[in-house]
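Computed over heavy atoms, backbone and side chain alike; hydrogens, waters and symmetry mates excluded. All of these numbers come straight from a predicted model, not from anything done at the bench.
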Amino acid sequence: MDLRCHAWRHPRPRDVAGRCIGRTDVAVDPRKARRLARRIHRHALREVAQGQAAPGLIPQGLIAPGQPTPRVVCCSPLRRCRDVARHLRRLGWRVVVDAALLEADFGHWDGRAWADIPRHEVDAWVADFADHAPGGGESLRQVLARAAAWTPPEPGATVVAHAGWMLARQWWRLHGAAAIPSAGQWPSAPRYGSRWRGL
C-alpha cells in the first residue's frame, strides 16, 4: 500500500520576521487560516470529482452520491497548523493532531532573533549540518528520521505541515534516509500556503 500524503504549508505566522522559529507556538491571522482551509477543501473536492483522489478520501455512508467530502487532515499541535485543521473540521474533515509532524526543535535558539544567536553557534551547525543539534534541540538526522518514520492514517491523507518537516519528508522520498545533505545541499523552504504532492 502506498502511504504517500499531500502536504500544505501553513499560512505565514505573525511577528516572525528575522526570528528563528521552530517549536515556538506563533499565531496566524485567522482569515489566512480560514482561506487556506477553503483552498484545501476545494482542491480535494476537485480531485474527487476528477477521479484523482485516493480511495480512502471519501467517507463511507456519510454523504449522498455525487457529493463527496474529504476525510482526514493531519497536523502538528502548533497553532499555525492546527488553526487550519480546525476550519477543515467545520467543513466535515476528520482531524488528527500528531506530534510527529512538529517543526524542527531549535532548542534555546527558538523564538530568538537570528541576529542575537552567536555566530560561532551557527557556524558549528553549518559545519556539522547532519548531527549538530542547533540550540541543543534536534539534529537534521533526527528530523529526517522522524519525517521518514511517520505513517499517514490512510492513503491520500492531507497534512497541514511545517517547512522543516516538508523538506525532510521530501528529502527522504528523493534520497532515502541514509543520504544526509550538507548545509549547501539543503533545499529552500516551500512558500507559505503551497502544496507538495506525494510526500
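- Between the OG atom in Ser76 and the CH2 atom in Trp165 there is a gap of 10.5 Å [rounded to 0.5 Å].
- By the 6.0 Å contact criterion, CZ on Arg191 is open, its count of non-hydrogen atoms from other residues, nucleotides or ligands being 12 or less.
- Hydrophobic cluster membership is shared by Leu140 and Leu167, with clusters built from Ile, Leu, Val, Met, Phe, Trp and Tyr side chains linked at under 4.5 angstrom.
- Between Arg94 and Glu154 the shortest side-chain heavy-atom distance falls below 4.5 Å.
- Of the inter-residue distances, the one linking Thr158 atom OG1 with Arg195 atom CZ reads 7.5 Å to the nearest 0.5 angstrom.
- Residue pairs meeting the ring pair (Phe, Tyr, Trp, His ring centres under 6.0 Å) criterion with at least one member in residues 13-38: none, sequence neighbours excluded.
- Between Arg86 and Val95 there is no side-chain heavy-atom pair separated by less than 4.5 Å.
- Remark: Cys75 SG to His162 NE2 distance equals 8.0 Å, nearest 0.5 Å.
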Would you tabulate the side-chain donor-acceptor contacts of residues 118-127 under 3.5 Å, counting partners in other chains and residues two or more places apart, or write 'none'?
| from | atom 1 | to | atom 2 | distance (Å) |
| --- | --- | --- | --- | --- |
| Arg119 | NE | Asp123 | OD1 | 2.9 |
| Glu121 | OE1 | Trp109 | NE1 | 2.7 |

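- Surrounding CZ of Arg12 are at most 12 heavy atoms belonging to other residues, nucleotides or ligands under 6.0 Å away.
- Contact annotation: the side chain of Arg173 approaches that of Arg4 to within less than 4.5 Å [non-hydrogen atoms, C-beta and beyond].
- Looking only at side-chain heavy atoms (C-beta outward), Ile21 and Pro13 stay at 4.5 Å or farther from each other.
- Taking the side chain as every heavy atom from C-beta outward, Ser139 and Leu144 never approach each other to under 4.5 Å.
- Between the NZ atom of Lys32 and the OH atom of Tyr192 there is a distance of 9.5 Å, given to the nearest 0.5 Å.
- Following chains of ILVMFWY side-chain contacts shorter than 4.5 Å, one cannot reach Val97 starting from Leu78, and the two form parts of different hydrophobic clusters.
- At a threshold of 4.5 Å between side-chain heavy atoms, the hydrophobic network of Ile, Leu, Val, Met, Phe, Trp and Tyr places Leu36 and Val28 in two separate groups.
- Separating the CD1 atom in Ile40 from the NE2 atom in His87 is a distance of 11.0 Å, to the nearest 0.5 Å.
- Atom CZ of Arg38 has 12 or fewer heavy atoms from other residues, nucleotides or ligands within 6.0 Å.
- A heavy-atom distance below 4.5 Å is not found between the side chains of Leu102 and Glu138.
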